[in-house]
Amino acid sequence: MGDAVAHVLALNGYTVTLIDVNEAALKQGTATIASNLQRQVNKERITDEERTATLDRIHTHTALAEAVSDVELVIEAVSETTEVKGPIFETLDEAAPDDAILASNTSSISITWLAAQTSRAGQVIGMHFFNPVPVMKLVEVVRGLDTSDATFDAVENLALDLGKTPVEVNDAPGFVSNRVLMPMINEAVFCLMEGVADKDAIDTVMTLGMNHPMGPLTLADFIGLDVCLGIMEVLHRELGDDKYRPCPLLRKMVAAGHLGRKSGQGFYSYDG
Ligand code: CAA
């Protein structure tokens, strides 16, 4: 998701550095941005000049500490585990300027916990974007226990400047978005596992009956089944209520490597 966030920032005039330890991932991210910008040119949403200027505002770097030494804001979008995010927040705290804001695009990890890995809890906040980022209007702006009003205001204003609608949410497992969305997706997988209906029928009920743009199983494939499982595990563990128990079929599909669109196979097949 990091490339999509960089896309939106750069398109709105901000200079952005995409950071990843892996050079190939940076090349892939930049190529994705170029292709999504081209899609916007083809749809006449932006001009060819805007596409070129946007790409010129995006730089890449593989060394985290060096790359953040002169920034005003970091938006972290690494893997959704505390083992990966914790040390990154420690490094950001050491390497970024004292007044920089450290935001996370996490979909379920506690902002308060991330803040506690730093010595600047007042400047740590959640900035949760939604896929596809260039299209979706929402940014959940998540306040950790000690997030300052100044940090909240800065991130809220940035979201508005990006043409998004920021919504204030307090730190809680899954925030609002995934607290509501993921149990619906999980329940759809239970319906499939129990033979209540087949996958097309389940998705059709929700697209035609509830006017959702995608059925829950299509949406799960779009988000990534591993991401859905990870969020259900956080809800189950942190809230301690069995109503959040991940569906065994979801676990089985992730164990098989059927992760949705990104792996070519999820509830649906994406070969070719
Ligand atoms: N970059 C730029 N533009 C894009 C894009 C991308 N990656 N993907 C789609 N678009 C644009 C298209 O160009 C098109 O633009 P115009 O309106 O200007 O023509 C528009 O989006 C609609 O796209 P399509 O016509 O191709 O397809 P669609 O009408 O079926 O819409 C969709 C596609 C926007 C993805 C729609 O199906 C949808 O809204 N799905 C639900 C998405 C959703 O729920 N996202 C949240 C997931 S949860 C999450 O992200 C967070 C988490 O924590 C798990």
Side-chain angles (χ1 to χ4, degrees), residues 1-12 28-47 50-51 54-55 58 75-81 85 103-111 126-142 159 162-167 169 171-186 188-189 203-204 206-208 210-235 244 246 250 254 259-262 266-268 270:
M1 228 171 158
D3 61 58
V5 173
H7 170 143
V8 170
L9 282 161
L11 184 57
N12 284 279
Q28 174 63 50
T30 315
T32 302
I33 295 170
S35 123
N36 282 328
L37 284 168
Q38 189 58 47
R39 176 209 290 252
Q40 290 174 296
V41 173
N42 297 344
K43 295 261 182 166
E44 297 181 355
R45 296 288 183 260
I46 62 170
T47 63
E50 284 174 303
R51 174 185 185 273
T54 300
L55 287 171
I58 299 175
I75 304 177
E76 167 277 315
V78 302
S79 307
E80 285 286 279
T81 68
K85 288 192 194 283
S104 176
N105 181 48
T106 182
S107 48
S108 60
I109 288 175
S110 165
I111 300 302
M127 194 172 188
H128 185 206
F129 290 85
F130 293 80
N131 264 319
V133 179
V135 179
M136 304 298 277
K137 287 285 177 206
L138 178 67
V139 177
E140 263 185 320
V141 183
V142 187
L162 299 177
K164 303 294 184 194
T165 302
V167 173
V169 173
D171 190 21
F175 315 132
V176 170
S177 54
N178 285 316
R179 175 87 172 259
V180 175
L181 173 66
M182 285 303 156
M184 182 195 70
I185 287 176
N186 197 46
V189 186
D203 275 351
T204 303
M206 298 306 287
T207 50
L208 299 188
M210 285 44 160
N211 234 2
H212 290 190
M214 289 172 160
L217 300 174
T218 303
L219 182 56
D221 278 358
F222 182 64
I223 293 169
L225 302 194
D226 52 338
V227 175
C228 296
L229 176 60
I231 295 169
M232 285 310 296
E233 283 173 334
V234 168
L235 293 176
Y244 300 111
L250 184 59
V254 172
L259 306 182
R261 278 197 200 188
K262 63 185 166 190
F267 295 107
Y268 298 88
Y270 299 89

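In each ligand, atom 1 is the first atom listed, and ligand 1 is the first ligand listed. We're numbering straight along the sequence, starting at 1.
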Whether the side chain of [X] engages the backbone of [Y] through a donor-acceptor N/O pair (distance < 3.5 Å, no angle test) should be reported.
X	Y	value
Asp171	Ile111	yes
Lys262	Ile223	no
Glu140	Ser177	yes
Glu76	Lys85	no
Asn178	Ser107	yes
Asp226	Leu259	no
Asp221	Tyr268	yes

For ligand 1, which atoms, with element, lie under 4.0 Å from some heavy atom of [X]?
X	value
Pro132	5 (C), 6 (C), 7 (N), 8 (N), 35 (C)
Asn178	52 (C), 53 (O), 54 (C)
Ser107	53 (O)

As a test of the contact definition, would [atom] count as having a protein heavy-atom neighbour under 4.0 Å?
atom	answer
atom 28 (P) of ligand 1	no
atom 21 (O) of ligand 1	yes
atom 24 (P) of ligand 1	no
atom 32 (C) of ligand 1	no

Next item on the list: Would you mind reporting whether Ser104 and Ile109 have side-chain heavy atoms less than 4.5 Å apart?
Entry: no
Note to self: Is any side-chain heavy atom of Phe129 closer than 4.5 Å to one of Leu162?
What the structure shows: yes
Next item on the list: Kindly confirm or rule out an N or O of Gln40 lying under 3.5 angstrom from an N or O of ligand 1.
Entry: no
Check: If we only count N/O pairs under 3.5 Å, is Lys43 in contact with ligand 1?
Finding: yes
For [atom], closest protein heavy-atom neighbour:
atom	value
atom 1 (N) of ligand 1	Pro134 CG, 3.4 Å
atom 49 (C) of ligand 1	Phe130 CD2, 3.6 Å
atom 12 (C) of ligand 1	Arg39 NH1, 3.8 Å
atom 45 (N) of ligand 1	Asn131 O, 2.7 Å
atom 39 (O) of ligand 1	Pro213 CG, 3.7 Å
atom 4 (C) of ligand 1	Val135 CG2, 3.3 Å

For [atom], state which one of [options] supplies the nearest heavy atom.
atom	options	value
atom 7 (N) of ligand 1	Ile231, Asp3, Val8, Asn36	Asn36
atom 37 (O) of ligand 1	Arg45, Met182, Met214	Met214
atom 52 (C) of ligand 1	Gln38, His128, Met136	His128

Checklist line | For the student: nearest non-hydrogen atoms of Phe267 and Leu217, plus distance | finding: CD1-O, 3.7 Å
Next item on the list: Provide the closest heavy-atom pair for Ala6 versus Ile33 in the form atom of the first, atom of the second, distance.
Entry: CB-CD1, 4.2 Å
Checklist line | Location of contacts on Leu219 toward ligand 1, heavy atoms closer than 4.0 Å | finding: side chain
Checklist line | Proximity of Ile223 to ligand 1 by residue part, where a heavy atom lies under 4.0 Å | finding: side chain
Note to self: Within the 3.5 Å criterion, strictly below it, is a donor on Asn36 or Gln40 matched to an acceptor on the partner's side chain?
What the structure shows: no
